[in-house]
Structures are given as structure tokens and as C-alpha cells.
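All ligand and atom numbering here is 1-based and tracks the order in the structure. The first residue in the sequence is number 1, and the count goes up from there. Keep in mind that what you see is a predicted model, and the values were worked out from it rather than measured.
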Amino acid sequence: MGREAASAFGRWFVLENFPVKVELVAVCDLQEKLLDWFRQIPTVKLLTKDHQELLRSPDVDVVYVAVPHNLHEKMYLDVLAAGKDLLAEKPFGIDLAAAEKIAGAVKSSGRFVRCSSEFPFLPGPQRVMQIAQSGKLGKVLEIRSGFWHASDLDPNKPVNWKRQVKTCGEIGVMGDLGMHAVHVPFRLGWKPARVYAQLQKIYTQRPDGKGGMAVCDTWDNAMLHTEVNIGGDEVPMRLEMKRLAPGETNTWYLEVLGTDGGARYSTKEPKTLWTFERQKEQIWQRVDLGHYGPFPTITGGIFEPGFPDCFLQMWAAYAAERAGALGNRFGCVTPEEAVLSHRVFAAALESQRTKAAVAVDAR
Ligand SMILES: NC(=O)c1ccc[n+]([C@@H]2O[C@H](COP(=O)([O-])OP(=O)(O)OC[C@H]3O[C@@H](n4cnc5c(N)ncnc54)[C@H](O)[C@@H]3O)[C@@H](O)[C@H]2O)c1
């Protein structure tokens, strides 16, 4: 993900009339071959294997930390202690206790901190949010939000740190994919009061890449059946995070249905928005979306946006909000939202253990 961030900074100039300039000046990784890759970027002045050396650099204002989940807490706290601002990768610490500790340090440090979740910056999700807030849905019937991967269907895919509790966390796939599913619902005020979770461990071992097999002990698929309060009504909201979703390479989706209107978007059809209207007849309509993110770019309005585009838009939102220039545009995940996501995931683990619906601590 570090290289994805470099790619966003490398074409910062496509943002039109943007108030802040961003440059990649320093990189830290343990792998020599990755540091070598970053040598091609002319603005990079420091390459190091020691993150403390990077944090000592006076040239660095903001740090993006994209490392295995067991390292989040320590590195985020180190960034804040060094007096730098942070764009944290999800899941904002390996578990709820880590997230709360980080959020406490954010508060006491006064630094500007947000967490990563880029898909809502695509035009489709932005339109779903506008429709959800338009008052045209009538009574909300249900919400579905999810993120699906498929490559783990292959039992011969080698193990990596995301498949083991010690490095990925007990929440497993919820830590990997969950922030993507909750960012928009939370921002729209849809915060689960209760959760009933169905969690699955599907392949419990994988090739270790050295001729043997390694244990995989994280949850692979998670379906969280939750309830949210909308206008005094209890509304079902299903959150899905899956590593084994047949045929879905990287599918983020959001669907909101009401008695009078609705909207549906999936990156499966990246330029398509489906909207529902109940008139004399009931109509589902599809619209081809253009290239309209929250932050205008030089890219023509008819062209299709993709992953690098929403990643750039997310970074633009971070930089704009940090500079006090976000206005009424959609912003990155806040530390409070990141902690809430961990409360939902902790309730989901408890629900899996007790086979019962569990109240989410709404502090
Ligand atoms: N926003 C997204 O769409 C998205 C996508 C994938 C991953 N992620 C998140 O990004 C983070 C990293 O995931 P990834 O897929 O890039 O993993 P990765 O394994 O590809 O990369 C992690 C990098 O961290 C480096 N590293 C490990 N320990 C280090 C240390 N002590 N000091 C410096 N560098 C160290 C590794 O060498 C490696 O290059 C995770 O939090 C993950 O959940 C986000």
C-alpha cells in the first residue's frame, strides 16, 4: 500500500485548484527491494529501515503507516510522540484495546489523524450517500454494505501475515475488510445497536512457501447482521466481509432500500449506479457515472474511475481536511469511527462465541 500512496502523490498535479501540495520525501520499509523501488521517485530524500529515523526527519509532516496489524499500535503511537500527523491504515490497531489506546494518544497529542478507507470517494458511493440523505427513500427498509475478495478460494495460495491471529488479530477478516464496509454507514449515522455474527474459518492451513504447511487461524468470512436506528425505527443492516466470495476479486458494494426510493452501487460495475423510485410503476434505473469525485481533477468527465483514483481522492480529503479546506465534502474515517468499528467487531466475536445477538458498546 506504500507504493499505492506514492502513486497518488506522484500525480498530485491532476487535482484542480487544490489548496495543498503534497510530496513524498521519506520512506521506511524493511525490504531492500522495496526501498530500491522508491529510489525512482525524485522527491524522496530519505530511505531507511528504521521508522524512528524517518520520524526524526524535520522534512516529514505527515506519516502514512501501512504495516501488519500487530505493528499498528506501536508505530501509530511513535508517530504521534514524534509530533507528526498520521494517516493510519485500517483496522486502527489490532483490537479494541489498541484502538482505544491510540485514540487516547490522538486526543492528548492534538495531532491530525484519520484512517484509510478509499472506496466511498468513488462517484457511485458519493451518489448513494446523496440519495440516502435526500429524504427521498421514504421509510428505510434495509441496508447492505460489504467488501468481498476471492483469491483465498485457492487452497494453494501461500500463507501470509493476514491469515494468522498473531499478526492480523483475532478479528481476522473484519480487521482486513471491515472498515471499508462501515465507513459510509457510520458517516450517515447508521451505528449498530446490536450484532449477530456468523464468522467462518474455511481453510485452516496453507502452504508456508517453504515446502510445508502453516496454520491459518483467522476468521475468513464474516456476516454481521446488525440493527440501526433510523428515525425511531429499528432497521436491519447487513455488513459482509469475505475473503472467500466466489468470483469477487475486490468487490465493494452498498445498497440502501426504502419504501419510496433506493440506491445500489458495486465496484463490480464501476461506472453503474442503480436507483429505485416508486411512482405509479416501480422503476429501477441505471445510470452511467462519469469521473466526478469530491475533488475535481483534469480527467475528462466521461472517463471511468478506478482504484488509484479513489485512493488519490482519499488522500486529497485527508490533505484538505488537515488544511481546514474540506468544506462540506466527505472526509476520511475519524479516530472515533475507527474505535466504533472495533466495538462492532468485538461484539461480533462475542456473538460468535455465544451464538446470540450482542449489544454494541455505544460509548
Ligand atoms: N486501504 C486499502 O485498500 C488496503 C489494502 C490492502 C492493505 N491495507 C492495509 O495496509 C496495511 C499493510 O497491508 P499491505 O497489504 O500493504 O501489507 P504488505 O505485507 O504488502 O506490506 C507491509 C509492509 O510493511 C513492511 N514492514 C513490516 N514491518 C516493518 C517495520 N518494522 N518497519 C518498516 N516496515 C515494515 C513490510 O516489509 C511490507 O513491505 C494493513 O494495515 C492492511 O490492512 C489497506
Side-chain angles (χ1 to χ4, degrees), residues 1-8 26-38 46-57 60 63-79 82 86-95 98-99 102 113-122 125 146-149 151-152 157-169 171-184 209 218-219 222 241 243 248-252 267 306-315 317-318 332-333 337-338 341-342 345:
M1 290 309 296
R3 287 180 292 175
E4 291 292 345
S7 142
V27 177
C28 173
D29 200 288
L30 300 181
Q31 299 181 57
E32 201 61 55
K33 70 173 192 310
L34 274 178
L35 292 178
D36 274 347
W37 183 89
F38 283 100
L46 172 66
L47 292 159
T48 176
K49 292 183 181 173
D50 172 7
H51 74 276
Q52 292 290 5
E53 186 185 0
L54 181 145
L55 294 178
R56 281 193 296 272
S57 166
V60 173
V63 186
Y64 171 54
V65 183
V67 292
H69 302 168
N70 58 317
L71 303 175
H72 283 190
E73 180 181 339
K74 160 112 179 76
M75 283 207 190
Y76 297 178
L77 295 179
D78 287 349
V79 170
L86 170 69
L87 181 67
E89 257 306 341
K90 43 78 187 172
F92 209 67
I94 200 163
D95 56 18
I102 298 161
V113 177
R114 291 291 180 267
C115 188
S116 171
S117 154
E118 60 276 15
F119 297 101
F121 293 93
L122 286 167
F147 195 28
W148 294 334
H149 283 180
S151 60
D152 278 20
K157 178 177 165 179
V159 72
N160 62 34
W161 63 263
K162 292 177 187 170
R163 307 292 171 266
Q164 296 188 327
V165 167
K166 64 177 192 285
T167 40
C168 179
I171 54 176
V173 68
M174 295 184 281
D176 264 357
L177 307 182
M179 193 73 80
H180 296 291
V182 300
H183 186 184
V184 171
T218 56
W219 297 110
M241 304 122 218
R243 290 174 177 163
E248 309 292 345
T249 52
N250 196 52
T251 303
W252 183 100
T267 56
F307 183 84
D309 297 295
C310 62
F311 206 66
L312 173 63
Q313 291 281 325
M314 175 185 78
W315 268 105
Y318 178 92
C332 300
V333 174
E337 289 167 333
S341 74
H342 268 295
F345 305 150

Please list, in number order, the atoms of ligand 1 under 4.0 Å from a heavy atom of [X].
{"X": "Met75", "answer": "30 (C), 31 (N), 32 (N)"}
{"X": "His72", "answer": "41 (O)"}
{"X": "Gln31", "answer": "36 (C), 37 (O), 38 (C), 39 (O)"}
{"X": "Ser116", "answer": "1 (N)"}

Select one of side chain, backbone, both or neither to describe which atoms of Lys49 lie under 4.0 Å from any atom of ligand 1, heavy atoms only.
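It is neither; nothing of Lys49 touches ligand 1.
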
Using a 4.0 Å heavy-atom threshold (strictly under), name the region of Leu34 that reaches ligand 1: side chain, backbone, both or neither.
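Only the side chain of Leu34 comes within reach of ligand 1.
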
Quick check: does Asp176 get an N/O under 3.5 Å from an N/O on ligand 1?
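So ligand 1 has no N or O lying under 3.5 Å from an N or O of Asp176.
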
For Cys28 and ligand 1, does the shortest N/O to N/O distance drop below 3.5 Å?
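In this structure, Cys28 places no N or O atom under 3.5 Å from an N or O of ligand 1.
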
Hey, can you tell me if Trp315 and Phe311 have their rings parallel, tilted or perpendicular (30° and 60° cut-offs)?
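It falls in the perpendicular class, over 60°.
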
Under 3.5 Å donor-acceptor, Tyr318 side chain and Cys115 backbone:
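No, the answer is negative, given that no donor and acceptor are paired below the 3.5 Å cut-off.
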
Which heavy atom of Lys166 sits nearest to which heavy atom of Asn70, and what is that distance?
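The answer is O-CB, 3.4 Å.
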
Which pair of heavy atoms, one from Ala317 and one from Cys332, lies closest together, and at what distance?
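It is CB-SG, 4.2 Å.
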
So, do [X] and [Y] sit near enough that their side-chain heavy atoms are less than 4.5 Å apart?
{"X": "Leu35", "Y": "Val27", "answer": "yes"}
{"X": "Leu87", "Y": "Met314", "answer": "yes"}
{"X": "Met241", "Y": "Asp176", "answer": "no"}
{"X": "His72", "Y": "Lys90", "answer": "no"}
{"X": "Thr249", "Y": "His149", "answer": "no"}
{"X": "Gln313", "Y": "Phe119", "answer": "no"}

For [atom], the protein heavy atom that lies nearest, with its residue and separation:
{"atom": "atom 25 (C) of ligand 1", "result": "Asp29 OD2, 3.4 Å"}
{"atom": "atom 15 (O) of ligand 1", "result": "Lys162 NZ, 2.7 Å"}
{"atom": "atom 27 (C) of ligand 1", "result": "Pro68 CD, 3.8 Å"}
{"atom": "atom 28 (N) of ligand 1", "result": "Leu71 CD1, 3.3 Å"}
{"atom": "atom 35 (C) of ligand 1", "result": "Leu30 CG, 3.7 Å"}

Heavy-atom nearest option to [atom], drawn from [options]:
{"atom": "atom 8 (N) of ligand 1", "options": "Lys90, His180, Glu118, His51", "result": "Lys90"}
{"atom": "atom 9 (C) of ligand 1", "options": "Met314, Glu89, Glu32", "result": "Glu89"}
{"atom": "atom 42 (C) of ligand 1", "options": "Met1, His69, Glu4, Lys33", "result": "His69"}
{"atom": "atom 22 (C) of ligand 1", "options": "Ala66, Ser117, Gly2, Cys168", "result": "Ala66"}

Which one of Leu54, Val60, Val63, Val113 satisfies the side-chain contact (heavy atoms from CB on, under 4.5 Å) criterion with Val79?
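Going through the options one by one, the only one that passes is Val63.
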
Heavy atoms of the protein only: does one fall short of 4.0 Å from atom 32 (N) of ligand 1?
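For atom 32 (N) of ligand 1 the answer is yes, since some protein heavy atom falls inside 4.0 Å.
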
Are there over 12 heavy-atom neighbours, none belonging to Lys157, within less than 6.0 Å of that residue's NZ?
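Atom NZ in Lys157 is crowded, with more than 12 foreign heavy atoms closer than 6.0 Å.
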
Any non-hydrogen atom of Trp161 lying under 4.0 Å from ligand 1?
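A heavy atom of Trp161 does come that close to ligand 1.
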
Is the closest heavy-atom distance from Met179 to ligand 1 below 4.0 Å?
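Under 4.0 Å: no for Met179.
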
